[in-house]
There are 2 protein chains.
Amino acid sequence: MLSKNEEDYLKELFHLTTGEESDNAGTGQLADKLAVTPASANNMLKKLKEKGLVGYQKYGKSTLTEAGRAAALQLIRKHRLWETFLYETLDFSWDEVHEVAEQLEHIRSEKLIEKLDKFLDYPEFDPHGDPIPDAQGNMAPRKKLTLAEIPVGQACRIIGVRDSSALFLQYISELGLSLKSEITVLEKIAFDNSLRILSEGREIQVSEKFSLHVFVR
Amino acid sequence: MLSKNEEDYLKELFHLTTGEESDNAGTGQLADKLAVTPASANNMLKKLKEKGLVGYQKYGKSTLTEAGRAAALQLIRKHRLWETFLYETLDFSWDEVHEVAEQLEHIRSEKLIEKLDKFLDYPEFDPHGDPIPDAQGNMAPRKKLTLAEIPVGQACRIIGVRDSSALFLQYISELGLSLKSEITVLEKIAFDNSLRILSEGREIQVSEKFSLHVFVR
DNA sequence: TAGGGTATTTAGACAAGACTAACTTTTATG
DNA sequence: CATAAAAGTTAGTCTTGTCTAAATACCCTA
Ligand SMILES: [Mn+2]
Ligand SMILES: [Mn+2]
Ligand SMILES: [Mn+2]
Ligand SMILES: [Mn+2]
C-alpha cells in the first residue's frame with residue numbers, strides 16, 4: 001500500500017521520464033517539481049528503490065520500474081477522471097480542477113473509480129485534453145499538433161494544452177478560449193511568429209510561446 | 001488548518017457528546033471509537049485543547065467547545081453529502097458508502113462541497129436517514145420513532161438506521177430492506193418482542209434489537 | 001476508610017517525511 | 001588537466017501521530 005506521498009513522487013517521476021525530453025530524472029529536478037528539498041527527494045528515492053518501484057543509483061539519474069510505471073498510471077487515471085468529473089459534472093472551470101484532483105486522486109477505492117468512470121461514460125480525455133489511461137494502464141498517445149503549426153487561413157479546434165499551470169490556464173480563459181473553442185488563424189507575423197487569430201467573432205493577438213502551448217486538431 | 005486526524009477526533013467527539021447518553025466523553029471511550037490507544041487519544045486531546053477546540057482537564061471528561069463543535073459539523077456535512085453522492089449518483093449500496101466517505105470528507109475545497117451540494121439538489125438526509133448540516137452548521141433533528149414502537153397492523157416506511165456498522169447494514173440489505181422500504185407490522189411476539197413484518201409481499205421475522213435500530217415514519 | 005480495580009496520564013520509542021548544514025561526487029570551464 | 005560550480009548525499013533535527021510500559025489518580029466496595 002503506497003502512501004499519498006509515495007504516489008505523488010511516482011506520478012511526478014512518470015511525467016519527468018515520459019516526455020520527449022528525457023527518460024530519466026535527476027534528484028534535484030524531481031525535488032523542484034514536488035516543491036521539496038533535494039535531501040527529501042533523495043530520501044524518498046531510496047525508499048522507492050527498496051520497494052522495487054524506482055531505478056535509482058547514487059549520483060545517477062532515476063527511472064521508473066515497470067511496477068512503478070503501472071502505479072503511476074493508476075494515479076494518473078484517477079487524477080484525470082476526477083478532473084473530468086469536476087469539469088463536466090460540477091461545473092468547475094478549466095484552471096480549478098487540477099488542485100482538487102491532486103487530493104481526490106489519493107482516495108483508496110477500486111469501486112469508486114470504476115463507478116466514476118462509468119458515470120462519466122468512459123471518457124478518453126480530461127479537460128486539458130490529456131488522455132485518460134484505462135483500468136489496465138493503457139493510454140492513448142497525446143495529440144501533438146500545436147496552434148503554431150496551423151497555416152494561415154486554416155480553422156482548428158482546441159483539444160488540449162501543453163501545461164496545466166494556473167497562470168497559463170487563467171490567461172487562456174481570459175482570452176475567452178477553452179477546450180473545444182474553434183480558432184481561425186488570420187495572420188502569422190513573420191517577425192516574431194506571433195499570431196492574429198479569430199474565435200467566436202473576436203480577433204485576438206497571441207505570442208508564439210502561447211501558440212506552442214495549445215494543442216489543436 | 002486541521003489535519004485529517006484532528007478532524008476525525010473532533011467528529012467522533014461530536015458523536016459521543018451529542019447523543020442522548022451524555023454530553024461528555026472519557027479518554028478511553030474516545031480511543032475505543034477511533035481504534036487507538038488511550039495514550040494516543042490523551043495526546044490528541046491535549047493538542048486540541050491548546051487549539052481551543054476541546055474542553056479537557058486531567059482525569060476529567062472531555063467536551064467540544066463551540067469552535068470544535070462547528071468544525072465537527074462541517075466535517076459531518078461533508079461526510080453525509082459524499083455518502084449521498086455515492087448512493088444516489090454512483091449507485092453504491094447502503095453499507096458501502098461510509099468507508100469511502102470517511103476518506104472523501106477530508107478533501108479540502110470549499111467550492112467542491114458547495115458544488116456537490118448543489119448538484120445533489122441540497123439533500124436534507126443522507127442514505128442512512130441522518131440529517132445533513134447546512135453550510136452554517138444547522139442540522140435538523142434526527143427522527144426518533146423506531147420500528148419497535150409501531151403498533152401491530154400499522155404500515156410505515158424506513159427513514160434511517162440507528163447505527164451504520166457494516167454488519168448491521170449488510171444484514172438489513174440481506175433481508176431485502178433499504179431506505180424507503182414500506183413495512184407492515186403483522187405481529188408482535190409478546191415473549192421476546194420480536195416482530196413478524198411484511199415488506200413487498202414477503203414476510204420477515206426480526207428481533208427486538210433489530211427493530212430498535214430501524215427508524216421509521 | 002482502606003484497598004483494589006479501572007481509567008488516565010506520562011515517559012520513551014518508532015515511523016514517515018520534511019528541513020538545514022555540511023560533505024562528496026560529478027561536471028563544466030579555463 | 002586542475003579546479004570551481006553544480007548536483008547529490010549524509011547526518012542530525014523536527015513534527016505528527018502512533019505504540020508499550022510504567023506510574024498515578026479516581027472511585028467503588030468491603
Ligand atoms: Mn496528489
Ligand atoms: Mn489534466
Ligand atoms: Mn475520516
Ligand atoms: Mn451516514
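Lettering follows sequence order; numbering is per chain, from 1.
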> Once you round it to whole Å, what is the distance between C1' of dA16(C) and CG of Asn43(A)?
Replying inline: 9 Å
> Does a sphere of radius 6.0 Å around NZ in Lys118(B) hold more than 12 heavy atoms from other residues, nucleotides or ligands, not counting ones at 6.0 Å or beyond?
Replying inline: no
> Which listed nucleotide (dA18(C), dA25(D), dT20(C)) is nearest to the side chain of Ala39(A)?
Replying inline: dT20(C)
> To the side chain of Thr27(A), which of dC19(D), dT9(C), dT9(D) is closest?
Replying inline: dT9(D)
>> Checking side-chain polar atoms at under 3.5 Å, does His79(B) have a donor or acceptor matched by the opposite partner on Asp126(B)?
In response: no
> Where the side chain of Lys61(A) is concerned, which of dC26(D), dA18(C), dG8(D) is the nearest nucleotide?
Replying inline: dG8(D)
> Of the nucleotides dT9(C), dG8(D), dT18(D), which one has an atom closest to the side chain of Val36(B)?
Replying inline: dT18(D)
> Counting only heavy atoms not in Lys115(A), do more than 12 sit closer than 6.0 Å to its NZ atom?
Replying inline: yes
> Looking only at side chains, do Asp192(B) and Ser194(B) share a donor and an acceptor under 3.5 Å apart?
Replying inline: yes
>> What is the separation between atom CG on Asn42(A) and atom C1' on dG8(D), rounded to the nearest whole Å?
In response: 7 Å
> OP1, OP2 of dC26(D) versus side-chain N and O of Lys58(B): anything below 4.0 Å?
Replying inline: no
>> Under 4.0 Å, counting only non-hydrogen atoms across every strand here, what does Thr37(B) touch: a base, just sugar-phosphate, or nothing?
In response: base
>> How many whole angstroms separate atom CD of Gln57(B) from atom P of dC26(D)?
In response: 12 Å
>> Rounded to whole Å, please give me the gap between CE in Met44(B) and P in dT15(D).
In response: 16 Å
>> What is the separation between atom CG on Leu30(B) and atom C1' on dT8(C), rounded to the nearest whole Å?
In response: 13 Å
>> I need the CD-P distance between Glu6(A) and dA18(C), as an integer number of Å.
In response: 10 Å
>> Need one value for Lys46(B): base, sugar-phosphate or nothing, where a base atom within 4.0 Å counts as base even if backbone is also close, heavy atoms only.
In response: sugar-phosphate
> To the nearest angstrom, how far is Lys4(A) atom NZ from dA18(C) atom P?
Replying inline: 8 Å
>> Whole angstroms only, please: what is the CG-C1' distance between Asn5(A) and dT15(D)?
In response: 14 Å
> When you check the phosphate oxygens OP1 and OP2 of dT16(D), does a side-chain N or O of Tyr9(B) lie under 4.0 Å from one of them?
Replying inline: no
>> Is the ring pair Phe168(B)/Phe210(B) parallel, tilted or perpendicular, if the boundaries are 30 and 60 degrees?
In response: tilted
>> Please determine whether a side-chain nitrogen or oxygen atom of Tyr56(B) lies at a distance below 4.0 Å from atom OP1 or OP2 of dT9(C).
In response: yes
> Contact class for Ser40(B) (heavy atom, under 4.0 Å): base, sugar-phosphate, or nothing?
Replying inline: base
